[in-house]
Each structure stands twice: as C-alpha cells, then as structure tokens.
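Everything below concerns the one structure shown next.
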Amino acid sequence: MNQRARLSLLVTQIFIAGLMLALFGRLFYLQIAAGPTYRDAALSIQSRDVVTPANRGFIVDSSGVPLALNKVGLAVTVDRTKIDKLPDQGQSVIHDLVKLLGLNYADVWQRTRLCGELPKGQKAGCWTGSRFQPMPITKEADPQIALKIVERSDRYPGISATPVAIRNYPETLGTNAGHVLGYVGPLTEEDLSGKSGRSYFRSESIGKSGLEIKYDEYLRGVPGIKTLIVDRKEAVTTTSKNTQPIAGNHLVTSLDVRIQSAAEVALGDAVRRARASGYRADGGAAVVMDIRNGEVLALASNPTFDPNAFERGLTVKQASNLFSEKAGVPALNRALQGLYAPGSTFKAVSLIAAKDAGYSLKANYSCPSEFQVGNRAFQNFESKSQGTLSMKRAIAVSCDTIWYKIAYDEWVRDGGLRPKSNPNDYFFNAAKKFQIGEKTGVDLPSESSGRLANREWRKNWYAQNKDYYCNYKERAAKSAQTAFLIQLARENCLDGDKVRAGDAVNFSIGQGDTVITPIKLAQMYAAIANGGTIWKPTIAKAIVKTDGTVLKTFSPQKLGELGEDQATLTFLQDALHEVTIAGTSAGVFAGFPIPTAGKTGTAQVFGRNPNGSAKSDTSWYAGYAPSTNPRYVAVMMVSQGGFGAGTSGIGVRKIFETIFGVQGNRVNPDLAVFPDGRPPIKLPRISPATKPKPSILNPGKAPVVTATTTPRAKAQR
C-alpha cells in the first residue's frame, strides 16, 4: 500500500470515528442530559389535563355585606379547534345557535374571534384568551335550551353546555362600584407567557381591573387538576393525578355599601343637575375617606360600567362604548385617573405659602376686581371687587386677586424671568408639602400621579415641546392657528422653560398646568382636617380564609407630615369652616345640623369639545365633617359641571346626610351609618353555606359562600 492510499484510509477512519463520536454524543444528550425534557414532552402527548377552576373569594364591605360573590350559571361554549375544521368554519352552526339562544350573531361572532385575528380598531369584544380554551357566548342559558344543544351534538358540533361559577356583583342598595371592584376575565397569551411571574391554567379567569386584579393572588384560589392518560386514539387509559380545587380567600374592605350607594347617587344627581343648568357635565368622581387613617369608605366615578356585563359577555356596542369619548369614556376611573386643575380648592395650599413667605394671617388685604400683570388683567371671580378683607374672609368668599398680588410679588422677589440661583418658591414648596405631583398610593391599579408645574417640570416640558412651538405654523393644524394660539406658541418658543408671571399668578388659584386627581384632593384635605398627617388611602382591610382565619391584615400607612405649625392649621380649619357658614357654600349648608368645613372650586378649562363648543368649568367641592373633631372627608368633582357649590357642594352635603343620618335640619341617630361615630374596627364573620351540587337542568343549586353580618349591621341597612 503506497503512502497516498494509507493517507486516504486514515482520513476515512478519522471521518468515521468522528461520526460515531457525534452520534454517541447526541445519543447521550437525548437520553441523559435532555431526558427529563423529552419525557415530559412525551407524557404531554399522552396526557390531558382537565382543570376545575376554584371558587373565587368574596369581596365584602367593612360590615361583611358582599360586594362581589359567586353564583352558578349555565354556560354555552364554542370550541374553536372543532368548528374551525368545518367547511364554513362554523358560521352556519353559530347562526343556528344564536337563533336558539336569542342572541345577536355579530356579537357572538366577535366574541369567538381571537383579538390577534382582527384588524386594529375592530377588536372591541374580541376573545382575549386562547383558541384551545372553550369560549363562553353566554353564561346564563336556559337549562331546557342547553339540554337541546347537548342532545343534538351532530347539529351543534363544537358547542357545549356546562354549569359554571359566575362572578356576580349584587348591587346592594343600588351600588355599582364598578371602578373600585373591577371585573374578571379570561386569560390572554401575555398572562400565560409568565411575564408576571405567576403561572395560570388556560381555563381560569383572573382579575382584570380594580380590587379584582390588585388582590387576584388571594381571591383566585387554586384550581383542581385531573390528569388523564390517553392512548393514540384519545381513549382514556388511566388517571395519573386528581387534585380538588381550593377556594380563594375573601377580601374585607374599608368600603361601606351605604356610603358607596350615597356617593354614587349624589354624584349622578350632580351630573344631571349640571346638565339641567346647561353645562356639558361629561363625568365626575366622588371620594369619601376616614381622615384619621386614610381608609376609603366610598369611591365613585361617573359614567360607570356594569361589571356583571363582562361575565354575561359584552356586545360590540358595549365594548366600544367603554372607551368612547361620545359615551364619556366609562372605563376611565376619574377618581384616580382623571387629571383636573383644582381651582379655588387649591387656595388652602396658597394660604400656607403666604404664611411661609411672611404674610400675616391676621392682616387685612385688598380684593380688587382685577390685577394687572404686564398687558393682561387677571380678574376676580365674576369681576367683582370685595373691598378690604381679612385672610379668613378671603378664603370664605374665595377672592382671587389677593393671591394674584401675593404670588406676583413673590415671583418678582425670586428674580422673575431671571430667577435667583436659590429662589424661595414658597408656592411650589407649599404644594410639595402636600405631595402634589406624587401618587397617593391607593391600593388600586393605574393611578395617575398628577402634575406639579414647578420650575423643574417646566424645563422638562420645554425640552419635549420646543420644536413644536418654534415651528408651530408648520406643525399645528389649520384649525389651531388662531391669533391667540400663534402668539402663545411664540411665547412658549422664546421662554417656555421659565416660570412666567402669568404662570405664577395662575398657580396661586389652582389654574394653569398643575393638575390633580380627586383622590389626591381628598388626601390633601384629610391632612388639613387631621392636623397635618398625610395618610396613604387604603381600601383593603384584611384577607380572610374560607374557614374564618385571618390570613393578612392591612395597617394604615403614614406617608408624611405637612410640617406646619398648629396655629396655621387651626387658622386654615377655621377659614374652611367660615366657607360653609358665611362663604361660597353657605347656601348649600344652610341649616345643616352638623358643623362642616370645606372649599368650593370652579376651575376654568381651556379648549373645545368634539362638537366645537367651548369647555365648561370644572366643579369641585372638598369638605370634611364635623368641623370640630373631624372624622370624614368627602370630595366631589364634576368635569364641565359649572360652579363648585351648586353642583358638587350639594353632592357632598347629600353624602354627609347619609353618614350622619341627617333629615332636613335634624339628626336622626337611628339613620346614622356609624352610630358610635366611627367605622367598624372588628372584622366581619364570613361563613360558608353548602347547597346541593348543580345539574344541567337545575344550575342554580351549587355550593356558594354567603357573608353574614351582625344584627346591628343588618338593621342599619
């Protein structure tokens, strides 16, 4: 064998040895290293999981009255994996089905479409879960009709009927509470991706908003899993796993159903009252808190939505209306997401700023009809001169020009357009004491932080908007190129990064770029009423197991102090009381037997509505009661609602009437929500009541959980 032949043989041997080594290496990887993975994959091919969702825990008010519970319904579901294989992808089946159930074909078809299948703008009411999960088209089917569907599987392939637990919001005393309670819904692909750090089963429902999503990990429970081993023909051979579902825990809240009902009714009446007076009144909010610990007793937003509709199944119109500006954007929780200029309610902050700047609270000040700043006259409310007033009287009658002059003088002392290196910024710093521009921290999702339009904010705003304003004629729509807006754009281009004189005087009366949420204003006035403590608003009080064991309690959380001396706070409290007896809300609270304190606010709004009309003022009222030894704060806001007193002030009075049991000008102690003067401290007892298991012909008989209250709590309702 010559040298060349031996070399060829060696190369061949090395090549074969390499192949063998690679083969054994791959075999080792498949059998040893990746063995568990492939064994699990093989098992998944042979096994099928049947998931039994757990009963979701209750949400109850502070006396144990259920705000969210479970009832049994009969669901008719569509299996997309089966109907998609039909020649027409199930259209004829669904047509027959909707006729039988009396539903709308377009709504049902939309409900059984995956959101990813639909073009942008046409996703309202789509299915957010998986294709492999049965899609309920109704959960309240008639048992006799459901039986027909089950018996005629040949006519209704892929359609099934089964008893299900329905999340129910019972509307006790007419309460809606949709924005605070939230709702539940099917899992999305994002939920199943594990990004949240939690694992789910496809057939589960989870909280989607409000308390339902905030405390979902406690409320949801643990589903039961039955793992069936099947052969290649899908015949069940054995059961490898069978666990029973574990019911979710109950959430006890600080809410009181009576106060919640009163707040919703008063807010709805305020909106209607404003519209009757010619205002657009496109929405509003109301918040009631315990000033001593931050517990939220009621939270309402208008317009609202029916949380039960998500269980019944939204129609396309209902789903579209949730975010429709024409419908008032019912999905928006105005209490903690809506941002509005606070108007004259902000003068409580300005009083503290004036005192910190050295102005005497005992002195008298001139309240002319207008105050000139440059070439613009800033006018008093309704351009009226109030003469010379004490500071207390100035708060009571809500004089503007006093604050214009003080704010302007302090702006000049700080250097005007060329500010000192370390300006005093008394007004900005007083607002910081109230934590304006920060979230309250309420235990609800998607809270807005508000905006404190100080020097730092203005510089950031200018960096983001300079190019737009400096090229306004090219960038802005023709309809926005009025003489005023062009001049405003020019000013913003030249010195939009600076606090100008107009910004300073507007800031002092709660106008301009500073905006807050209604719950922030409630937190602020609670701090004034309680002597300076800023509490975190809280709704959850405790998590209670189904056997009554308290799993977790939530304690009040102090966020800070105003840092003001008691004399200043006492003066402010007296001035706010003066508002209700000889000021802007004296007519509203005339004859009210409980002494109260508060402040009206009527905030101007720049811009136009979709129909071209100018936007109306925002109506505010922030009040607390009693004015001596105060306990409760109530804030109401009606967007485009007009005057503060006539719209929102009356609403706050109605809420206080319910809390204290006021009838006319007398107190009826038997009607008071809390006869001993404070919300209950002891947690309510929540006990199970077992009933027979459901059947397809009688789905109403199923295990449920009921909440029980003390006899006194029952009598009060």
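- Scanning all heavy atoms of the two residues, the minimum distance from I213 to P445 falls at CG2-CG, 3.7 Å.
- Interatomic distance, OG of S448 versus CD of Q337, reported as 5.5 Å (0.5 Å rounding).
- For E474, the CD atom counts as densely surrounded, since its 6.0 Å shell holds more than 12 non-hydrogen atoms of other residues, nucleotides or ligands.
- A side-chain donor-acceptor contact under 3.5 Å links S261 to the backbone of L173.
- Aromatic rings of Y469 and W461 (six-membered ring for Trp) have centroids within the 6.0 Å cut-off, being under it.
- Checked options Q523, K520, Q435, E447; the residue passing with T440 is E447 (criterion: side chain to side chain donor-acceptor pair (under 3.5 Å)).
- Looking at V515 and Y340, their side chains never come closer than 4.5 Å, going by heavy atoms from C-beta outward.
- The closest side-chain donor-acceptor pair between R167 and N70 falls under 3.5 angstrom.
- Minimum heavy-atom separation, V252 to D61: CG1-O, 4.0 Å.
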Apply side-chain contact (heavy atoms from CB on, under 4.5 Å) to the pair I159 and V76, showing each step before the final yes or no.
CA-CA 7 Å; I159 311 301; V76 174; 3.8 Å; yes
Start with the C-alpha gap between V296 and V288, add the side-chain angles, then the distance that decides, and say whether side-chain contact (heavy atoms from CB on, under 4.5 Å) holds.
CA-CA 6 Å; V296 177; V288 184; over 6 Å; no
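- Using a distance-only test at 3.5 Å, with no hydrogens or angles considered, no donor-acceptor pair links the side chain of R334 to the main chain of G338.
- Using a 3.5 Å distance cut-off with no hydrogens or angles, the side chains of Q110 and Y105 do not pair a donor with an acceptor.
- Within the structure, side-chain hydrogen bond (donor to acceptor under 3.5 Å, both in side chains) contacts touching residues 91-101 (residues at least two apart or in different chains) are D88-S92.
- A salt bridge does not link E438 to R451: none of the charged nitrogens lies less than 4.0 Å from a carboxylate oxygen.
- Side-chain atoms of D216 come within 3.5 Å of backbone N or O of G207 as a donor-acceptor pair.
- Between D467 and R475 a salt bridge is recorded (basic side-chain N to carboxylate O distance below 4.0 Å).
- Cation-pi geometry between R111 and W109 is not satisfied (NZ or CZ under 6.0 Å from the ring centre, within 45° of the ring normal).
- Atom OG in S616 sits 7.0 Å away from atom CG in N609 (nearest 0.5 Å).
- Side-chain atoms of T315 and D107 form no donor-acceptor pair, as typed in the model, at a separation below 3.5 Å.
- No side-chain donor-acceptor contact under 3.5 Å links R280 to the backbone of Q640.
- P143 and L74 make their closest contact through CA-CD2, 3.6 Å (heavy atoms, listed as atom of the first residue, atom of the second, distance).
- With rounding to the nearest 0.5 Å, the separation of OG in S449 from CG in L339 is 7.5 Å.
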Start with the C-alpha gap between L452 and W457, add the side-chain angles, then the distance that decides, and say whether side-chain contact (heavy atoms from CB on, under 4.5 Å) holds.
CA-CA 7 Å; L452 172 58; W457 174 84; over 6 Å; no
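- The distance from atom CG of L251 to atom NZ of K214, rounded to the nearest 0.5 Å, is 11.5 Å.
- A heavy-atom distance below 4.5 Å is not found between the side chains of M135 and R113.
- Side-chain contact check for L332 versus H179: every heavy-atom pair is 4.5 Å or farther apart.
- Contact annotation: the side chain of M289 approaches that of P537 to within less than 4.5 Å [non-hydrogen atoms, C-beta and beyond].
- In plain terms, the two heavy atoms of I83 and P157 that are nearest each other are CG2-O, 3.4 Å.
- Looking at T618 and V638, their side chains never come closer than 4.5 Å, going by heavy atoms from C-beta outward.
- Between the side chain of S205 and the backbone N or O of V184, no donor-acceptor pair lies under 3.5 Å.
- Of the candidates V180, L297, V60, L67, L67 is the only one forming a side-chain contact (heavy atoms from CB on, under 4.5 Å) with T253.
- Between Y218 and the options K552, H250, K545, a side-chain contact (heavy atoms from CB on, under 4.5 Å) holds for only K552.
- Proximity of a side-chain donor or acceptor of T112 to a complementary backbone N or O of V108 within less than 3.5 Å is detected.
- If you check the side chains of T538 and D443, you find no donor sitting under 3.5 Å from an acceptor.
- Of the N and O atoms on the side chains of N176 and E264, not one donor lies less than 3.5 Å from an acceptor on the other residue.
- Scanning all heavy atoms of the two residues, the minimum distance from A285 to P518 falls at CB-CG, 3.9 Å.
- Between F305 and F310, the ring center distance clears the sub-6.0 Å criterion.
- The nearest pair of heavy atoms linking P170 to A68 is CD-N, 4.2 Å.
- Put simply, the side chain of I516 reaches to within 4.5 Å of the side chain of P342, judged on heavy atoms.
- With rounding to the nearest 0.5 Å, the separation of CD1 in I519 from CG in L444 is 7.0 Å.
- Contact annotation: the side chain of L100 approaches that of I149 to within less than 4.5 Å [non-hydrogen atoms, C-beta and beyond].
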What's the verdict on salt bridge (charged side-chain N to carboxylate O under 4.0 Å, His left out) for E212 and R56, showing C-alpha distance, side-chain angles and the deciding distance?
CA-CA 10 Å; E212 292 280 26; R56 195 169 179 84; 2.9 Å; yes
Please evaluate residues K541 and F554 with respect to the criterion side-chain contact (heavy atoms from CB on, under 4.5 Å), reporting the C-alpha separation (whole Å), side-chain torsions for both, the decisive distance (0.1 Å), and the verdict.
CA-CA 5 Å; K541 291 186 71 171; F554 299 89; 5.7 Å; no
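- With a 4.5 Å cut-off on side-chain heavy atoms, V98 and N104 do not count as touching.
- With values rounded to the nearest 0.5 angstrom, L299 atom CG is found 10.0 Å from S254 atom OG.
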